[in-house]
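For reference, the structure is listed below as structure tokens.
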Number of protein chains: 2
Amino acid sequence: MSQRRGSGRPTIADVARAAGVGAITVSRAIRRPEQVSRELRERIDLAIRELNYVPDPQAQVLASGRSNVIGVILPSLTNNVYADVMQGIYDRIEGSGFQIQIANTRYSEDEEDRLLQLFAGQRPAAMLITGIDQSDATRAYLAKADFPVVQIMEHAPDPIDMLIGFSHVEAARVAVRHLMEEGSRRIGFLGARMDPRMLRRREGYRAQLREHGLYDPAREAMTSAPSSVSQGRALSGRLFDAASDTDALFCANDDLALGALFECMARGRRVPEDVAIVGFNDLEMMAAAVPAITSVQTHRYRMGKMAIDMLIDRIEEREVPERGVDLGFQLIVRESSRRG
Amino acid sequence: MSQRRGSGRPTIADVARAAGVGAITVSRAIRRPEQVSRELRERIDLAIRELNYVPDPQAQVLASGRSNVIGVILPSLTNNVYADVMQGIYDRIEGSGFQIQIANTRYSEDEEDRLLQLFAGQRPAAMLITGIDQSDATRAYLAKADFPVVQIMEHAPDPIDMLIGFSHVEAARVAVRHLMEEGSRRIGFLGARMDPRMLRRREGYRAQLREHGLYDPAREAMTSAPSSVSQGRALSGRLFDAASDTDALFCANDDLALGALFECMARGRRVPEDVAIVGFNDLEMMAAAVPAITSVQTHRYRMGKMAIDMLIDRIEEREVPERGVDLGFQLIVRESSRRG
DNA sequence: TTGGCGTCTGGTAGCGCTACCATCACGCTA
DNA sequence: TAGCGTGATGGTAGCGCTACCAGACGCCAA
């Protein structure tokens, strides 16, 4: 009983003593019950409950060399989009025995590199990262890391390891095509933050219009500031001032779309009669707006959940059927763009 | 070189060998450089850089008995309010050497109890919890825990340990008083989720109206469903149907307020002429709406940041001047309630 | 009977770090 | 000169757990 240091909590040795077995057998009874005879297992379980024993995860990690921490690198914590992803992540982690360690790059590639270094020092069990635009150094590092990696939010042909997302270019094309089908020809673009996903949506917008000879750079209003409803008002206001005959807006984010709707209200432009509006992500409020706003639905929650699913499968050495998953998207048409 | 297990990474022993000193001196040079002579310090620093040595946090925790994990228990991850709090938390943690471990109660007290047990098993360095309505068991446990605890989001006289927040009752009273001053007499209430904070806002609403003999239970529309813009539409619609002469709405959340605004638009009720609207939290979109929506500004980011500040001060055994901090709130008056 | 094999169990030696205590050199006082 | 405090350094023994290997036991085939 020379307990010089110690936390005061029961240890595996206490359980072993109480159950009259060796410490290692307790360890096995916890991790691989099938390797321990039924009788001992029951005695050990009883002792565990009586002592209220909880294994010390730090010691487990140190002894086994296996960590139970999944690192998650997201560009933002406040953006609704990533909040939904996080919800999916945490819902899947719940009860899995793994822990999430979140970090936030604020949309900076340098930060991403730095945070990755930091995580690496902690020997994560797996890593989840956002997007497909990592620096060469990061890609190289992750490619030879000995833990599984999943990239989320975008679909692309060459994942570092695993990938789950959808095509922003395609989603934007579908949205713009819809505006064209409803009769718009002078279609504007609103974008903020201009992160890689945003740029791909703009790419889809441009490609779709170019194919029909309708692209006009004067109808693009963009800012590197974060996306917000106020930015939506400011950008759409700027666009209306510069190209007042614009008859539709493809907004690369829902808050921009909502801001555009308000700006139209403030200027007396009718939606959808004078200006049709389409948003992106289909946040809850889109359906409640007046008029309800058309938007591209994306599967953010599922993306977070499935990403963790794939990582855990790989950590536990199960087959992962598909390394690159395309979750797709769906255009939800509402009044803001319906002219039929 | 009998490296039977090992991670392959350099250890403190490697650094010690390279620098020609004892392992413990390396340990000290890292944690308390002032206790090591300048000469050795320089040799050790050099060896660290050459070997690219990073201390293993797991081993540090195990050996020292001190954890660097701060547990954070929030009721929701997707609610904008807590997203802002989290941003503050992570901004303060950045570079501090501490780690955040988030858990999500989904507004359930049972979950809170369970999660707390789980955290306790990991010997956190500190705990941050939301609100002041913990179960007796949780309160008792935390009160005698050997780590600092901070409660956030509300102000109250009897913190478990430390507390930072504001009075929801007072904030609601100020909002309702403002509506009265602008000439409203038949003031309704919209509430969703009905968590403790929401109930206190309702309490403030009721108290303010009762003082003036204006309280009418028929003007309250509530749901236990999560707050959302759609709920704002549904609840305000229900209220207009039941008490159609309602001339103002105090909405206990901004998304409800935005929904109410949309519902007014859909029904042709003018805001603020027919119905004045006040929200709660002052999310960014409130200022961009048309009309702009009056709301109670709360200091969510600061709350998260300061809470971690206080915890770290206490972990590092610095004086914390005030155990209960009232951050207050501010009514931001905009067109949606201005009739003067 | 012997040998071989599989199943269950335990002892020992770490994982990488730090607490605790011992040691030693040095300078100062009596 | 002895004695002693002080500051710098290092050795040892853990922290709580698991990998590795050895041993015990039962069973079956030869």
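Note: hydrogens, waters and symmetry copies are ignored here, and every other heavy atom, side chains too, is used. Fair warning: this is a prediction, and the values are worked out from it, not measured in the lab.
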Closest nucleotide among D/dT9, D/dG10, C/dG10 to the A/Val21 side chain: C/dG10
B/Ser27 vs C/dT18: side-chain N/O to OP1/OP2 distance below 4.0 Å: yes
Over 12 foreign heavy atoms within 6.0 Å of CG, A/Asp158: yes
Atom pair distance, as rounded to whole Å: CD1 in A/Ile24 and C1' in C/dG10: 8 Å
Minimum-distance nucleotide to A/Ser37 side chain [options: C/dC8, D/dC20, C/dC17]: C/dC8
Heavy-atom closest pair, residues A/Leu163 and A/Glu154: CD2-O, 3.1 Å
Below 4.0 Å: OP1/OP2 of D/dT9 and any side-chain N or O of B/Thr25: no
Whole angstrom value for the distance that separates C1' of C/dT7 from CD of A/Glu39: 15 Å
Between P of D/dC15 and CG of A/Leu62, the distance in whole Å: 13 Å
Nearest-nucleotide pick for A/Ser64, side chain only, options being D/dC15, C/dC17, D/dA19: D/dA19
Residue-phosphate contact under 4.0 Å: B/Gln58 side-chain N/O, C/dG16 OP1/OP2: no
Position toward the 5' end of DNA chain D (nearest nucleotide), A/Tyr53 or B/Leu40: B/Leu40
Residue pair A/Thr130 / A/Tyr82, side-chain heavy-atom distance below 4.5 Å: yes
Sugar-phosphate only, base, or nothing, as touched by A/Val61 at under 4.0 Å among non-hydrogen atoms: nothing
Short side-chain N/O contact from A/Gln60 to OP1 or OP2 of D/dT18, under 4.0 Å: yes
Rounded distance in Å - CD1 (A/Ile12) to P (C/dT9): 15 Å
Nearest-angstrom distance from the residue atom CZ of A/Arg28 to C1' of D/dA19: 10 Å
Nearest-angstrom distance from the residue atom CZ of A/Arg38 to C1' of C/dT7: 18 Å
Rounded distance (Å) that lies between atom P of D/dC17 and atom CZ of A/Arg32: 17 Å
Length of the line joining A/Asp56:CG and C/dC17:P, which is rounded to integer Å: 17 Å
B/Arg32, CZ atom: more than 12 neighbouring heavy atoms under 6.0 Å: no
Pairwise distance CD(B/Gln87) to OG1(A/Thr78) - rounded to 0.5 angstrom: 5.0 Å
